[in-house]
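Working notes, beginning with the structure itself.
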Amino acid sequence: MANRHDKEPGPGAAGLRRLRGFQDLRAEQARAAERVETVCRQVARLHNAAEIRIPALEPLELYRRTSGESSDVVEKQMFAFALREPDDDEQSGADNTIAPAGQSPGHPELAAWAALRPEGTPGVVRAYVEAGLDRSDPEQRLYYLGPMFRRERPQKGRFRQFTQFGVEIFGRPDPLCDAELIEMVDEIARPLGVALRFEVNSLGCPVCRPAFRAALLEYGRARLESLCADCRRRLERNPLRLLDCKTDVEVASQAPQTLDFLCVECRAHFVALGKLLGAVGLNFEVNPRLVRGLDYYCRTAFEAASPALGAQNAVAAGGRYDGLVEALGGAAVAGSGFALGVERMALLLPAEPAGDGPEVALIALGERAVEQAVAMARGLRALGLGVETLAPTRSLKAMLRRADRSGARYAVIVGERELERDVVQLRDLRQSSQREVRTAELAAVLGGQGVA
RNA sequence: GUGAGUGUAGCUCAGUUGGCAGAGCACCGGGUUGUGGCCUCGGUGGUCGAGGGUUCAAGUCCCUUCACUCACCCCA
């Protein structure tokens with residue numbers, strides 16, 4: 001186990017290899033990711049969420065405004081580009097320039113800067129406001145599924161491009177909607193055979209958070225000496241981070257807790273949420289040290305994690321972000337949502353036996369049989385049967401071997417001897433039985449086998 | 001950005017005190033004039049991550065570098 005490493009990808013014909021932190025998902029990995037995505041879409045449908053497809057590239061300013069200036073996402077994790085239209089700068093051949101890594105563009109026109117989305121929520125909110133839904137029809141349930149990009153150092157479960165499924169509910173300030181979002185994560189994990197641990201917390205709201213923040217700040221300042229280096233650095237800028245410090249569990253566990261500072265409304269919301277989750281039988285723990293990295297969260301925060309994942313163990317996380325829509329120039333509309341890491345969930349899927357191959361492997365034996373074989377393949381596919389065709393450049397033995405390995409149930413052999421008599425050999429690869437079938441009857445025979 | 005670990009065939013890995021580059025799996029073919037799997041015999045496939053140094057001789061020792069993996073950080 002200690003010696004098991006993926007090797008660096010070998011250089012291709014042109015010495016090209018994939019970028020660091022990017023991955024090719026093949027075979028089982030691709031199938032696992034697809035299964036996760038399929039279940040995500042099903043659950044979205046069951047909760048009446050509509051898909052929204054938004055750009056992967058947005059104005060950099062969108063993420064600066066929503067993710068918070070101090071968060072790591074904006075600080076150093078984004079792939080940012082300077083956009084230049086061809087006519088803007090005729091003499092230069094370079095139309096797009098990649099911004100230096102991690103460097104904040106000091107460009108006056110921020111619209112000229114774009115970033116690959118590090119998360120889905122800002123884009124969805126932007127689209128929601130841009131379409132005027134905040135005024136015309138505020139209550140919306142939207143889901144998205146697609147790639148996100150973060151310029152982080154890769155490790156297990158963490159990639160520079162990864163896929164997120166996310167649901168955002170607008171115009172619903174009630175705890176019922178928060179509970180439903182958490183349920184959705186559970187409803188995705190269960191049919192996939194994945195056990196997740198749910199943690200829930202309340203971060204308070206603009207009314208009660210200042211007092212909590214002040215208390216935390218005071219607590220931190222009082223024991224500046226005993227704080228770890230990271231926490232000391234973070235204390236003034238984002239004191240909430242103190243709570244999930246892993247190096248110094250002592251300090252973190254003794255610190256003031258949000259739950260002790262909640263205002264009446266926040267407390268009621270949190271209690272109601274707990275009751276609703278209990279009512280549907282969803283097990284969860286209250287984790288008073290659970291915080292969110294992004295500034296716009298308020299009240300409900302939750303996380304679903306698996307110990308099987310290693311250090312990056314969060315599979316899904318979310319919470320309430322009342323005020324975000326307003327911050328992006330929309331009306332004062334409540335919002336709540338979550339995002340789920342498709343690849344992380346896929347890593348947790350129990351191994352699945354390889355899927356079935358095609359129903360038929362069509363073997364053309366000899367050049368003269370190719371045309372006939374092509375026509376037959378087309379006809380069989382029109383009936384909904386999967387067909388793998390094999391070129392007649394190899395021996396029959398080799399073609400049958402390929403047919404066997406493709407997982408096909410039947411091999412249909414069309415040779416020159418068969419052509420003359422207008423028949424084919426229909427071989428059952430599982431039973432090793434073979435019979436001759438009239439070409440005209442092949443479709444009916446295969447169709448009637450119930451092989452689909 | 002920081003730290004540690006690992007780089008030998010497509011994959012998983014052996015490779016002794018420095019002495020001709022190996023196995024298993026996979027792939028291709030023979031054992032069948034047109035019949036898969038199992039078996040059997042054979043074959044293709046390597047800048048030993050890269051560069052430099054020591055040495056008669058380096059996969060092996062030294063230096064540098066790159067990549068990957070895991071962890072910190074952060075997060076899905």
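Values below: every heavy atom of this structure, side chains too, minus hydrogens, waters and symmetry copies. All figures in this text were calculated on a predicted structure; none of them were measured in a lab.
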If you go through the side-chain atoms of [X], does one of them form a donor-acceptor pair with the base of [N] closer than 3.5 Å?
X: A/Arg401; N: B/C27; result: no
X: A/Gln425; N: B/U35; result: no
X: A/Ser395; N: B/G34; result: no
X: A/Arg417; N: B/G34; result: yes
X: A/Arg427; N: B/G36; result: yes
X: A/Gln155; N: B/C73; result: yes
X: A/Glu418; N: B/G34; result: yes
X: A/Arg153; N: B/U2; result: yes

Need one value for [X]: base, sugar-phosphate or nothing, where a base atom within 4.0 Å counts as base even if backbone is also close, heavy atoms only.
X: A/Arg158; result: base
X: A/Lys397; result: base
X: A/Gly310; result: sugar-phosphate
X: A/Ile363; result: nothing
X: A/Ala411; result: nothing

- Not counting sequence neighbours, which residues clear side chain to side chain contact (heavy atoms under 4.5 Å, CB included) with A/Val280? List them please. A/Glu183, A/Leu282
- Rounded to the nearest angstrom, tell me the gap between atom CG in A/Leu400 and atom P in B/G36. 7 Å
- Item | B/G45 pairs with, by Watson-Crick or G-U criteria that keep both distances under 3.5 Å |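 Answer to the pairing question: none, since B/G45 forms no Watson-Crick or G-U pair.
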- Assigned partner base of B/G34, Watson-Crick or wobble definition, under 3.5 Å: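 In the structure as shown, B/G34 has no Watson-Crick or wobble partner.
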- Query: Are A/Arg41 and A/Glu51 close enough for a salt bridge, meaning some N to O gap below 4.0 Å?
  - Reply: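 Result for this pair is yes, salt bridge flagged.
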- Whether A/Phe79 and A/Phe149 hold their rings parallel, tilted or perpendicular, with breakpoints at 30° and 60°: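 Perpendicular: the ring planes of A/Phe79 and A/Phe149 meet at over 60°.
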